[in-house]
2 protein chains.
Amino acid sequence: MNPKPTRRDALDNRERILTVAREAIAASSTASLTAIAKQAGVGIGTLYRHFPTRETLILELYRHDIQHLIDRAPVLLAEHPPLAALRLWLEEVAHYGRLKYGVAEVIHAATDGGADDEYFAPFVAAIDVLLKAGAADGSLKSGIDPEDVLLQLSVLWRIDPARPGSEARAGRILELIVDGLRATP
Amino acid sequence: MNPKPTRRDALDNRERILTVAREAIAASSTASLTAIAKQAGVGIGTLYRHFPTRETLILELYRHDIQHLIDRAPVLLAEHPPLAALRLWLEEVAHYGRLKYGVAEVIHAATDGGADDEYFAPFVAAIDVLLKAGAADGSLKSGIDPEDVLLQLSVLWRIDPARPGSEARAGRILELIVDGLRATP
DNA sequence: GGATGTACCGGAGGGTCCTCCGTTTCGCTC
DNA sequence: GAGCGAAACGGAGGACCCTCCGGTACATCC
């Protein structure tokens, strides 16, 4: 897919596509790929070779941001007890996803496809660290599959942000999710 | 939309579309509307006038089945304590959604659009009855928004049924959802 | 039974996604 | 620096969704 774009023109094109896409997606998260390709001065075929699906492209755009979220997990864990850390982290993810819609879309896609772990796995691993910590201190159930949690989380971006009360609803549902993860005494 | 298709030809067309669609969707849940229209011998425009969106059409196809699910809620509630009834009902819905993919798609759409309550509201009401009963006997939290539960439930159809272990995963997640709804002692 | 208004029809058309494959261009070798 | 094979390009094309609007045919009223 994108292991080693060795050729100069290929690299140039890749960069150009990303630059244009960043702007275009920021302006309208549903910007058409055709338009992006045209504006980047490449054929639609070229765009698709570099980024086989819309998600691949978006994923690349937000790579840094996603990495940042992943890195936050251990930080929160150092500063708070596991249950609180989990909650805070999920809130950050949810909030970020609402802000930059792209991230949400990517996670959404990840829960679909399943595989393509290169990007997906670290995210799941971050969840797993939080879950394990919570299981260790008895505040969370043990043996929870982190992918299950991710899937549950993905429901949050399905809340239409335009509808009134969407923020509150997201908070409520997050609460329900976390409560479901807690150890039953 | 579909209040009173008064004219004879309109009614005929509507029936014909439904008949064809039932078969086509059963054969392949992603059957194209263009194809359905063609096979029903109507223009694509006609199809869209009768069923403004893909979901409207599917909804009509599965109307009976959905009603059946709704009716099951009070029955289960009469036979089981509220918490068990809720769990069983959710299992039935989940199972049914996995079987006839259409139903899942409809619920999915409902959680998107939100409104269009004509079909949507009874379903939410069914959930509400279960929740209220559980709140009354203290097994469930009180004040839960049934739409929130529906939204959470919708995650279950996002599990790819082709992947191995999908059934088990659905079970696990359902468990998490229900646990999140239980009253915290 | 004709006339007439309106409810309904049909498909062309604009937009999107993605695939496929003939053509071009790069980078390496001699 | 010429030649060559593979890597990358580009856009036509097929599929789909949905909209729009000129035309058709039904039901009703005289």
Side-chain angles (χ1 to χ4, degrees), chain A residues 1-21 23-61 101-102 105-106 108-110 112-113 115-116, chain B residues 1-21 23-25 27-61 101-102 105-106 108-109 112-113 115-116:
Chain A
M1 193 186 312
N2 69 338
K4 287 166 193 166
T6 36
R7 250 171 67 172
R8 190 56 165 282
D9 53 345
L11 257 150
D12 283 359
N13 281 331
R14 194 166 195 286
E15 280 322 305
R16 203 137 20 86
I17 290 170
L18 281 173
T19 310
V20 169
E23 265 183 70
I25 297 272
S28 156
S29 58
T30 68
S32 92
L33 297 187
T34 323
I36 291 176
K38 189 166 292 181
Q39 212 190 325
V42 305
I44 185 68
T46 299
L47 191 154
Y48 271 94
R49 198 165 336 88
H50 284 293
F51 307 101
T53 99
R54 182 188 188 79
E55 276 72 34
T56 330
L57 174 57
I58 296 185
L59 193 60
E60 199 55 38
L61 290 182
Y101 193 69
E105 205 169 330
V106 166
H108 210 69
D112 262 349
D116 272 30
Chain B
M1 194 184 315
N2 70 336
K4 288 167 195 166
T6 37
R7 250 170 65 173
R8 190 58 166 280
D9 53 347
L11 257 150
D12 284 358
N13 282 330
R14 194 166 194 285
E15 280 323 304
R16 202 137 20 87
I17 291 170
L18 282 173
T19 311
V20 169
E23 265 184 70
I25 298 272
S28 156
S29 58
T30 67
S32 92
L33 297 186
T34 323
I36 292 176
K38 188 166 292 180
Q39 212 191 324
V42 306
I44 184 69
T46 300
L47 190 153
Y48 271 94
R49 198 166 335 89
H50 285 293
F51 307 100
T53 97
R54 182 188 188 78
E55 276 72 33
T56 330
L57 174 56
I58 297 186
L59 193 58
E60 199 54 38
L61 290 182
Y101 193 70
E105 205 169 331
V106 167
H108 209 70
D112 262 349
D116 272 30

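Computation of the quantities below employed the complete heavy-atom set of this structure, encompassing side-chain atoms and omitting hydrogens, waters and symmetry-equivalent molecules. We name chains A, B, ... by the order of the sequence lines, and we start the count at 1 in each one.
- In this structure, Glu60(A) and Arg14(A) have side chains that are in contact, with non-hydrogen atoms separated by less than 4.5 Å.
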What donor-acceptor contacts under 3.5 angstrom involve side-chain atoms of residues 32-42 of chain A, with partners at least two apart or in another chain?
from     : atom 1 : to       : atom 2 : distance (Å)
Ser32(A) : OG     : Ala35(A) : N      : 2.9

For this session: May I have the step-by-step check of side chain to side chain contact (heavy atoms under 4.5 Å, CB included) for Asn13(B) and Arg16(B), ending in yes or no?
Result: CA-CA 5 Å; Asn13(B) 282 330; Arg16(B) 202 137 20 87; 2.9 Å; yes
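- For the OP1/OP2 pair of dC9(C) and a distance below 4.0 Å, the side-chain nitrogens and oxygens of His50(B) include at least one atom meeting the criterion.
- With sequence neighbours excluded, the residues forming a side chain to side chain contact (heavy atoms under 4.5 Å, CB included) with Asp9(A) are Arg7(A), listed by chain and number.
- In this model, the phosphate group of dA8(D) is not approached by any side-chain N or O of Thr46(A) to a distance below 4.0 Å at OP1 or OP2.
- For the pair Arg14(B) CZ and dA7(C) P, the computed distance is 18 Å after rounding to whole Å.
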Exercise. Where along nucleotides 14-30 of chain D does protein come under 4.0 Å, by heavy atom, of base (B) or sugar-phosphate alone (S), with - for untouched nucleotides?
Worked result: --SSBB------SS---
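- Between dC9(D) and Asn13(A), a contact under 4.0 Å exists linking OP1 or OP2 to a side-chain N or O.
- Phe51(B) approaches Ile17(B) most closely through the heavy-atom pair CE1-CG2, 3.8 Å.
- The nearest whole Å value for the distance from the CZ atom in Phe51(A) to the P atom in dG10(D) is 14 Å.
- Nucleotide dG10(C) holds its P atom 16 Å from the CD1 atom of Ile36(B), rounded to whole Å.
- In terms of heavy atoms, Ala31(A) sits closest to Ala24(A) at CB-O, 3.8 Å.
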